[in-house]
Number of protein chains: 2
Amino acid sequence: MARTTGSDGGRTEAAVREAAVNLIARYGYEAMSMRQLAAEVGVQAAALYRYFPTKEDLLFTLMRDHMQGLREAWEHSRPAGADPARQLAAYVRNHIAFHIERRHATHVSNMELRSLSPDRLTQILRMRTAYEKELRAVLRDGVEAGIFNIEDTGLTAMALIQMMTGVIVWFRPGERLSLAEVTATYLSMTMRLVGANIGVGTGEERHVHEHAQLRA
Amino acid sequence: MARTTGSDGGRTEAAVREAAVNLIARYGYEAMSMRQLAAEVGVQAAALYRYFPTKEDLLFTLMRDHMQGLREAWEHSRPAGADPARQLAAYVRNHIAFHIERRHATHVSNMELRSLSPDRLTQILRMRTAYEKELRAVLRDGVEAGIFNIEDTGLTAMALIQMMTGVIVWFRPGERLSLAEVTATYLSMTMRLVGANIGVGTGEERHVHEHAQLRA
DNA sequence: AGAATAATAAAACAAACGTTCAATTAATTC
DNA sequence: GAATTAATTGAACGTTTGTTTTATTATTCT
């Protein structure tokens, strides 16, 4: 047999991407075979090579698109011209929302870096560094404006990102806490971490506090 | 050929463990072949099976020993009977020191969980959960004693652990900051995060502040 | 309707995989 | 010094891997 009725390149490629993200997140890039992926899509392994020349190309494409999506999400959600506290709050909200919406893709982008060739690894890391740089800039602005009290901007940025990204490890929708509650708590922890004056800028603090009271 | 002169089971096994940790951390468990590991040790692949019946047994052994080491390190360094702030400081110091001393083993234990069989995965996760529980207990004690101000103990514990473990991702000895400086800064961030009264308990705050001044 | 193109299947490739087995030599025990 | 045990080699096993090639069918274009 050959071309099947109703087959469509666009749909197949999208199906391959989605299945690949799920399989790689679950079993790992090396552990996922092209045949396994093809079977998940409902196609023969050879068909995959019409869309991605090699297995590594597939991985790289997934990662690149994920990082580009993250940068675009931040650019769309950042409140231009707002004070640093609001900017930081927007960064935290965007980061958590984006990563929870795409848990599997995030897992892939964070865990499978070592399967990339050196130059592709560099490309992805560059995108990640650029994104982290945005956070450092916000923190610096806040320090210069006297709103934040931070010992080491670089360290604080890394700590914040690790803390926020860590949410995807344990958060499961529909369990004890809602996404809104988790986000609120992380916002409050973030503001403590950067030494922001409580009640300044985010418009979230009272709200957070009420939730805290309910859970106490 | 067969047994080589000067060969020793104990030494070989130790060499296998060490090489395996390094190779798995660098290339991933699935990507590391038994032949590659054997070559690193300077032995034929078949020789590995004298010490570990399967590749997965090797992985599991590495992880189990790492988690046991972590628990033992905490038990030895915990200041029994001290106030919660000192306990928390000890937890942070031990966690960071242990994980930086064994960056590769930590990487393996955190990244290769999905390569374990279900029951072995459960065993490792149980050990990890028990360790995290210790932190939650310290936080709870601090809240009850009125020393800490925490919205959600569980969330704060996870945030702290992610934040601390994240150090191994970017920290490299001999770069901008020393381990002591990093630890001091993380201690201070931890105390902010749990809402500890500044200057209480840890005996580190003034020291931290001096470093901050130097870097500013 | 016929020609061109897009999408797939089926089969095959060499290479690499984890693992096993029998043979062989070094060290230890008696 | 002979017998036993410990440590390792070298070769082989059957699978599975990513990928390529060729053929075949569905769709689109003229």
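Just so it is clear, the structure is predicted and the values come from calculations on it, not from any experiment.
Note on B/Thr12: a side-chain N or O is less than 4.0 Å away from OP1 or OP2 of D/dT8. Considering only side-chain N and O atoms, A/Tyr51 lies under 4.0 angstrom from the phosphate OP1 or OP2 of C/dT8.
The CG-C1' distance, from B/Leu58 to C/dT19, rounds to 14 Å in whole Å. In this structure, A/Arg50 atom CZ and D/dT21 atom P are separated by 15 Å, rounded to whole Å. The nearest whole Å value for the distance from the CD atom in B/Glu13 to the P atom in D/dT8 is 11 Å. Computed from coordinates, the B/Leu48 CG to D/dT9 C1' distance equals 12 Å when rounded to whole Å.
Between the side chain of B/Arg26 and the main chain of B/Met32, no donor-acceptor pair closer than 3.5 Å is present.
Mapping A/Gln44 and B/Thr4 onto DNA chain C by nearest heavy atom places A/Gln44 closer to the 5' end of the strand.
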Hey, what are the protein-to-nucleotides 18-20 of chain D N/O distances that come in under 3.5 Å?
residue, atom, partner, partner atom, Å
D/dG18, OP1, A/Met32, O, 3.3
D/dG18, OP1, A/Lys55, NZ, 2.7
D/dG18, OP2, A/Met34, N, 2.9
D/dG18, N7, A/Arg35, NH1, 2.9
D/dG18, O6, A/Arg35, NH2, 2.8
D/dT19, OP2, A/Tyr49, OH, 2.8
D/dT19, OP2, A/Lys55, N, 2.8
D/dT19, O5', A/Tyr49, OH, 3.4
D/dT19, O4, A/Arg35, NH2, 3.4

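Here the closest heavy-atom approach between residue A/Val182 and residue A/Trp170 is recorded as CG1-CH2, 4.0 Å. For the residue pair A/Leu62 and A/Ala20, the shortest heavy atom distance occurs at CD1-CB, 3.9 Å.
Aromatic ring centres of B/Phe52 and B/Phe60: separated by at least 6.0 Å.
A side-chain donor from one of B/Thr54 and B/Asp57 sits under 3.5 Å from a side-chain acceptor of the other.
Ring-plane geometry between B/Tyr91 and B/Trp74 is classed as perpendicular, the angle between the planes exceeding 60 degrees on a 0 to 90 degree scale with a lower cut at 30.
Listed by residue number, the members of residues 107-121 of chain A with any heavy atom below 4.0 angstrom from DNA chain C form an empty set.
Judged as a side-chain hydrogen bond (donor to acceptor under 3.5 Å, both in side chains), the pairs with a partner in residues 58-73 of chain B (not counting sequence neighbours) are, in order, B/Arg17-B/Asp65, B/His66-B/Thr106, B/His66-B/Ser109.
Between A/Glu112 and B/Arg114, at least one side-chain nitrogen of the basic residue sits less than 4.0 Å from a carboxylate oxygen of the acidic one, meeting the salt-bridge criterion.
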